[in-house]
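Side chains are part of it too, since the values below use all heavy atoms of this structure and drop only hydrogens, waters and symmetry mates. Atoms within each ligand, like the ligands themselves, are counted from 1 in listed order. It should be emphasised that the depicted structure is a prediction, and the values quoted were computed from it without experimental measurement. Residue numbers run from 1 in the order of the sequence given.
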Amino acid sequence: MRALLAPLWAQSGLNLYMVLSSFGIHILGLTSTVFVMLVYGRYLSHGIDSTLYTLVTGALIGIGTEIFLRRARYKIVAALCASESRKLSEQVSHTSLNARSGALQSHLDLSANNGGMSTWLERIGQAVSPHPVVALLDMPFAFLLFGVLFLLAWQLALCALLVVIILLLFLGISIHRIKAITTNHQAIQGKFNNLLKNVEQPETVRINNAQDWLAQRLADGSGDSRVSKHALQLQQEKIQSQVRSATMFMSVVIISVGAALSVHGDLNFGLLIGANILSARLIVLISQPLQQMPIWLNALQAFKRVKAFIDLPEETQKGSTLSTYQGKIRFKQVMFSYPNSPLMVYENLNFVLGAGECLMVTGGNGKGKTTLARLILGLVQPMRGSILIDGVDLRQVNAYWWRQQLVYLPQDPDLLPGTLRENMTFIDGSIDDDQIKAVLHRVRLGEWIELHPEGLDMEITMRGRNLALGIRRRIAFARALLTKGQLVVLDEPLEGLDKEGIAMMQGVLVELEKEKRTLIVISQFMQPLKNGAKYLNLDERHVMQIATSHSYDAPVIAAKGMAI
Ligand SMILES: Nc1ncnc2c1ncn2[C@@H]1O[C@H](COP(=O)(O)OP(=O)(O)OP(=O)(O)O)[C@@H](O)[C@H]1O
């Protein structure tokens with residue numbers, strides 16, 4: 001709650017202004033009450049017109065000043081709320097870009113059914129906005145109005161208190177109910193939104209002839225969503241109607257009790273009208289923040305989720321960097337399983353790879369080949385054991401520096417939105433067009449880029465998914481090669497490549513080996529690389545030295561059943 005009210009104590013100078021201006025607003029808010037009493041007491045009893053002019057002028061100045069103060073306060077609160085929302089969005093962006101990938105992914109997996117970050121931020125935005133914050137600022141001044149009412153006539157103050165207590169009881173019950181209805185609505189809406197995402201995969205739906213099935217589920221989901229929304233709106237309307245009824249009830253009580261007091265000579269007419277105005281304001285001050293309660297409750301829940309997100313562990317950007325990385329890597333008693341998965345990927349994985357050595361990693365589907373690459377990249381961390389690079393624990397190493405030491409080709413690479421040139425230079429802004437063209441030639445995309453009308457200015461959209469798989473993988477490989485990293489990790493390097501692409505990959509591997517880079521080649525279909533290459537079969541969970549002799553002149557990686 002404190003965090004949601006952050007705008008109220010964001011800047012101490014403005015806080016003081018807001019408290020003082022609120023005080024001024026509520027003192028000036030008494031203008032109409034005082035005006036009525038004075039008109040009755042001074043003008044009606046003596047009938048001097050100049051008194052009326054003076055009173056009207058005073059009332060208009062009071063009301064005008066109140067309006068001015070209200071507007072000024074509203075603008076300041078709006079600016080503070082905007083600044084708080086911006087801060088929160090910045091924190092979320094920072095976490096999205098810097099949290100450990102494994103932690104981030106498991107958090108996103110868990111939260112997929114709860115609406116997701118944009119929904120949470122929107123809910124917080126609704127609460128951290130001027131209207132609810134101002135309503136909350138005004139609430140304590142109900143005591144001021146109550147005190148004034150007490151001074152006017154304690155009997156009327158007691159009546160007003162009674163009406164307020166009854167209103168609070170009713171509102172309390174309604175708010176309790178609306179909480180459950182809101183939770184139910186959010187769950188139903190979340191499910192429906194997830195279902196809607198399937199419509200974004202039209203080809204999958206058509207290939208499986210799943211149109212009727214999806215249409216039925218969408219209709220059911222939309223029906224449930226409408227029903228739960230309707231229930232929520234009904235409950236909101238009920239709260240508003242309780243407030244309206246309380247206002248009218250208050251008026252009836254105050255006027256009738258006040259009239260009885262007037263008849264007995266304990267209260268004059270001016271005081272009665274003034275008390276009626278005050279009691280109506282009292283209801284507004286108390287009910288306004290309570291009416292915002294559902295928004296606050298929603299926002300509180302959302303804030304807990306956003307906070308959990310912001311608190312995700314970050315990658316080590318402060319860690320050490322080695323003066324040079326030789327290329328040695330060691331897995332020492334590594335145990336790993338994904339956070340939300342009951343399956344253990346590795347129980348005790350051990351291997352050592354010296355600088356310039358080559359490791360072939362193989363294994364069946366789901367045996368942990370890609371996970372091995374993710375561990376090396378530092379995207380996920382071992383639960384037990386350690387990964388050492390040149391003898392230093394990867395956990396202590398600066399993640400940004402470490403990725404510059406790697407040439408990594410993912411199994412299913414994505415490109416980032418931007419031009420092709422930008423995609424090639426994210427890792428190092430000093431890379432020029434000649435270097436980009438040279439590396440594109442190296443992966444045999446030279447002709448492709450020269451023939452393309454936009455060249456390096458070509459815009460990459462849809463994460464590069466609208467490019468042919470082989471082209472996307474070659475671009476990703478070219479991008480990786482630009483790091484000139486000492487450790488090369490290739491995940492299924494032949495996937496999606498044509499004959500020419502396979503030849504290119506073999507050629508580049510020979511060059512990398514000659515340059516004494518350390519190679520880790522991951523592939524389901526693999527034959528031993530060469531004499532002395534290490535071979536890790538994740539089906540067997542052990543490492544062995546390959547004794548058979550092969551050379552790079554022979555096919556370095558042979559896809560099963562594929563003639564190279
Ligand atoms: N993000 C994740 N969250 C939970 N479990 C995961 C995640 N990614 C992979 N896994 C699980 O970890 C295990 C190893 O997956 P991994 O992708 O490393 O296998 P793989 O050997 O590369 O498979 P393939 O040959 O099909 O690419 C699998 O059981 C998989 O379901």
**Study point:** Side chains of His94 and Glu314, donor plus acceptor under 3.5 Å
**Key:** yes
Practice item. Would you mind running through ligand 1 and noting each atom that sits below 4.0 Å from a heavy atom of Gln524? Key: 25 (O)
Practice item. Would you mind running through ligand 1 and noting each atom that sits below 4.0 Å from a heavy atom of Lys369? Key: 18 (O), 19 (O), 20 (P), 21 (O), 22 (O), 23 (O), 24 (P), 25 (O)
Study note, to complete from the structure: Going by the 4.0 angstrom heavy-atom rule, the piece of Glu492 near ligand 1 is neither
Review point. When you look at NE2 of His230, are more than 12 heavy atoms from neighbouring residues, nucleotides or ligands closer to it than 6.0 Å?
Key: no
Check your understanding: So which of Arg444, Arg474, Arg473 actually passes salt bridge (Lys or Arg N to Asp or Glu O under 4.0 Å) with Asp498?
Key -> Arg474
Point to revise | Ligand-side contact atoms (ligand 1) for residue partner Gly364, heavy atom cut-off under 4.0 Å | key: 21 (O)
Exercise for review: Below 4.0 angstrom from a heavy atom of Thr371, which ligand 1 atoms are there? Numbered from 1 as shown, please.
Suggested key: 14 (C), 15 (O), 16 (P), 18 (O)
Review point. Taking N or O atoms only and a 3.5 Å limit, does Gly368 qualify as a polar contact for ligand 1?
Key: yes
Study note, to complete from the structure: At under 4.0 Å between heavy atoms, what of Val345 touches ligand 1? The answer is side chain
Exercise for review: Report the residues that fulfil side-chain contact (heavy atoms from CB on, under 4.5 Å) with Pro313, sequence neighbours left out, ordered by chain and then residue number.
Suggested key: Arg100, Ala103
**Study point:** Tyr325 ring center near Trp402 ring center (under 6.0 Å)
**Key:** yes
Revision key, fill the gap. Note: heavy atom closest to atom 24 (P) of ligand 1, options Leu343, Leu375, Val380, Asn365, belongs to Asn365
Indicate every side-chain donor-acceptor pair of residues 457-469 with a distance under 3.5 Å to a residue at least two apart or in another chain.
{"residue": "Asp457", "atom": "OD1", "partner": "Arg421", "partner atom": "NH1", "Å": "2.6"}
{"residue": "Thr461", "atom": "OG1", "partner": "Asn466", "partner atom": "ND2", "Å": "3.0"}
{"residue": "Arg463", "atom": "NH1", "partner": "Asp414", "partner atom": "OD1", "Å": "3.4"}
{"residue": "Arg463", "atom": "NH1", "partner": "Asp414", "partner atom": "OD2", "Å": "3.0"}
{"residue": "Arg465", "atom": "NE", "partner": "Asp414", "partner atom": "OD1", "Å": "3.2"}
{"residue": "Arg465", "atom": "NH1", "partner": "Asp412", "partner atom": "OD1", "Å": "3.3"}
{"residue": "Arg465", "atom": "NH1", "partner": "Asp412", "partner atom": "OD2", "Å": "3.3"}
{"residue": "Arg465", "atom": "NH2", "partner": "Asp412", "partner atom": "OD1", "Å": "3.3"}
{"residue": "Arg465", "atom": "NH2", "partner": "Asp412", "partner atom": "OD2", "Å": "3.4"}
{"residue": "Arg465", "atom": "NH2", "partner": "Asp414", "partner atom": "OD1", "Å": "2.6"}

Revision key, fill the gap. Of Val361, Val345, Thr371, the one forming a side-chain contact (heavy atoms from CB on, under 4.5 Å) with Leu538 is Val361
Practice item. Using a strict 4.0 Å cut-off to heavy atoms of Gln411, name the atoms of ligand 1 that fall inside it. Key: 27 (O)
